[in-house]
J.: 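Encoded as structure tokens, here's the structure I'll be asking about.
None of these values were measured; they are calculated from a predicted model. Every chain is numbered from 1, with letters handed out A, B, ... down the list of sequences.
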There are 2 protein chains.
Amino acid sequence: MYEVFLSKINEKVSLTRQEEAEIVAHLTHKTLRKRQFFLQEGDICRYIALVEKGALRTYVTDMEGHEHITAFALEGWSLGDLCSFLREEPATQNIEALEDCELCLISKPAYETLLQKIPKYETYNRILITEAYIALQKRTRDMISLSPDEQYKAFVNVYPNIVLRVPQHMIASYMGLSPETLSRIKSRISQHK
Amino acid sequence: MYEVFLSKINEKVSLTRQEEAEIVAHLTHKTLRKRQFFLQEGDICRYIALVEKGALRTYVTDMEGHEHITAFALEGWSLGDLCSFLREEPATQNIEALEDCELCLISKPAYETLLQKIPKYETYNRILITEAYIALQKRTRDMISLSPDEQYKAFVNVYPNIVLRVPQHMIASYMGLSPETLSRIKSRISQHK
DNA sequence: TCAATTTCTTGATTCAAATCATTGGGACCT
DNA sequence: AGGTCCCAATGATTTGAATCAAGAAATTGA
């Protein structure tokens with residue numbers, strides 16, 4: 001049931017059987033159908049989720065009501081509106097299933113208990129959030145310093161699975177482009193082979 | 001000497017005298033003159049710094065050689081190329097003093113020792129990096145969802161000190177705009193009062 | 001104090017991407 | 001099969017910001 005979750009932690013720190021049991025006792029499970037929301041803007045994000053199966057997208061809405069995708073998540077990835085989760089404030093992000101999903105959830109009380117009781121869990125979280133920060137920083141750097149063509153090539157290289165599983169107009173949204181522009185970028189790239 | 005550093009930690013966790021002494025023993029001090037670099041692209045980032053006094057900018061260089069400012073740092077803020085620091089890879093960021101600066105440094109060996117020996121230091125770091133992640137996420141969200149005018153107003157509200165201490169064209173660079181465009185935005189805003 | 005640099009503003013032109021509009025191809029229904 | 005919906009590709013037009021250019025204002029430094 002929680003193999004993906006535990007193996008993710010064990011990649012960073014080695015848990016004993018006891019610790020594994022303690023952690024699993026604080027997890028819950030959830031399934032989502034395609035198009036169901038894990039989180040909607042305005043609600044408080046009560047859980048951080050780890051994707052055991054499926055695909056989801058995170059998006060925000062701008063002042064004109066347009067959606068902008070800020071992240072995708074596939075198997076093994078974590079998601080949630082961290083700001084809303086930690087401060088128990090209304091979320092600004094929406095998280096929607098793009099396929100039927102299996103999620104593994106941890107609530108705020110569970111999160112805090114584990115941080116306190118299991119030092120390795122705190123270490124794991126420090127490492128996880130540090131890596132997320134580095135990845136986000138890298139993404140912003142790429143958006144600044146690469147041409148749209150280069151950016152798309154980089155995206156296809158780093159996330160080939162997403163390209164296969166997600167409609168193209170959503171990748172355009174993620175890249176901050178109109179669907180038409182991404183379409184033209186693709187044809188431009190394939191011309192120069 | 002290290003008051004700013006310790007008070008930053010004590011905001012999040014309460015250190016004993018012993019712990020404070022242990023931490024201070026692992027810190028070093030550095031001064032920078034205006035226009036000196038704390039870090040240059042290609043070098044390995046050997047230290048994370050906390051600004052005790054002064055102002056700095058972090059920037060990256062794109063394929064055409066243009067600079068893009070990704071962050072400013074004033075008193076009490078931390079900086080460094082985290083990716084380069086942790087993985088001991090060449091940095092992609094440049095960090096330059098905008099004023100004469102006093103920095104408080106922590107090396108990688110010191111960082112790892114403290115993480116291990118002082119659990120509160122790990123907790124502090126987890127909280128710090130989590131807040132940095134949330135702030136970076138908020139910034140990307142603003143860049144996506146706000147008009148340049150709104151973005152500038154928000155920037156002035158959140159960082160009035162930076163606006164006072166940093167040339168306008170650098171703020172334009174931070175916002176991803178040309179200096180001319182930011183100038184026009186300012187006149188547009190002041191017209192509508 | 002005066003020259004040199006840096007910084008900011010304003011105007012004219014150019015350009016890349018958004019928008020608007022149309023078409024064609026699948027996929028999924030009954 | 002036929003119809004509806006969704007998605008991608010392509011063309012025409014518009015638009016907002018970058019670029020190019022020049023000059024004014026402010027800082028800096030000898």
J.: If I take atom CZ in residue B/Arg35 and atom C1' in nucleotide C/dT6, what distance separates them, rounded to the nearest angstrom?
T.: 9 Å
J.: Measure the distance from CD on B/Glu64 to P on D/dT19 and round it to the nearest whole Å.
T.: 9 Å
J.: Distance check needed: D/dT10 P versus A/Lys186 NZ, whole Å only.
T.: 10 Å
J.: The side chain of B/Pro167 lies closest to which of these nucleotides: D/dT19, C/dA18, C/dC8?
T.: C/dC8
J.: Say whether B/Gln151 and B/Asp142, considering side chains only, have a donor N or O and an acceptor N or O under 3.5 Å apart.
T.: no
J.: Does a salt bridge link A/Glu52 with A/Lys30, judged by any charged N lying under 4.0 Å from a carboxylate O?
T.: no
J.: Grab the CE-P distance between A/Met170 and D/dC6 for me, whole Å please.
T.: 12 Å
J.: Ignoring hydrogens and angles, does a donor from either the side chain of A/Glu180 or the base of C/dC20 sit under 3.5 Å from an acceptor on the other?
T.: yes
J.: Please determine whether any donor N or O and acceptor N or O are separated by less than 3.5 Å between the side chain of B/Arg184 and the base of D/dG16.
T.: no
J.: Please determine whether a side-chain nitrogen or oxygen atom of B/His169 lies at a distance below 4.0 Å from atom OP1 or OP2 of C/dT6.
T.: no
J.: Does A/Gln168 have a side-chain nitrogen or oxygen under 4.0 Å from the phosphate oxygens OP1 or OP2 of D/dC6?
T.: no
J.: Between atom CG in A/Leu182 and atom C1' in D/dT10, what is the gap in whole Å?
T.: 14 Å
J.: Verify the contact: side-chain N or O of A/Ser183 to OP1 or OP2 of D/dA9, cut-off strictly under 4.0 Å; return yes or no.
T.: yes
J.: Side chain of A/Ser187: nearest nucleotide among C/dT19, D/dA18, D/dT10?
T.: D/dT10
J.: Hey, does A/Pro148 reach any base, or is it just sugar-phosphate, or nothing, if we go heavy atoms under 4.0 Å?
T.: sugar-phosphate
J.: Kindly indicate whether a cation-pi arrangement holds for A/Arg139 with A/Phe155, taking the cut-offs as under 6.0 Å to the six-membered ring centre and within 45° of the axis.
T.: no
J.: Can you name the nearest heavy-atom pair linking A/Ile134 to B/Arg87, along with the distance?
T.: CG2-NH2, 3.9 Å
J.: Assuming nearest nucleotide by heavy-atom distance, tell me which of B/His66 and B/Lys34 is located more 5' along DNA chain D.
T.: B/His66
J.: Looking at every heavy atom in both A/Leu136 and B/Tyr133, which two are closest together, and how far apart are they?
T.: CD2-CE1, 3.8 Å
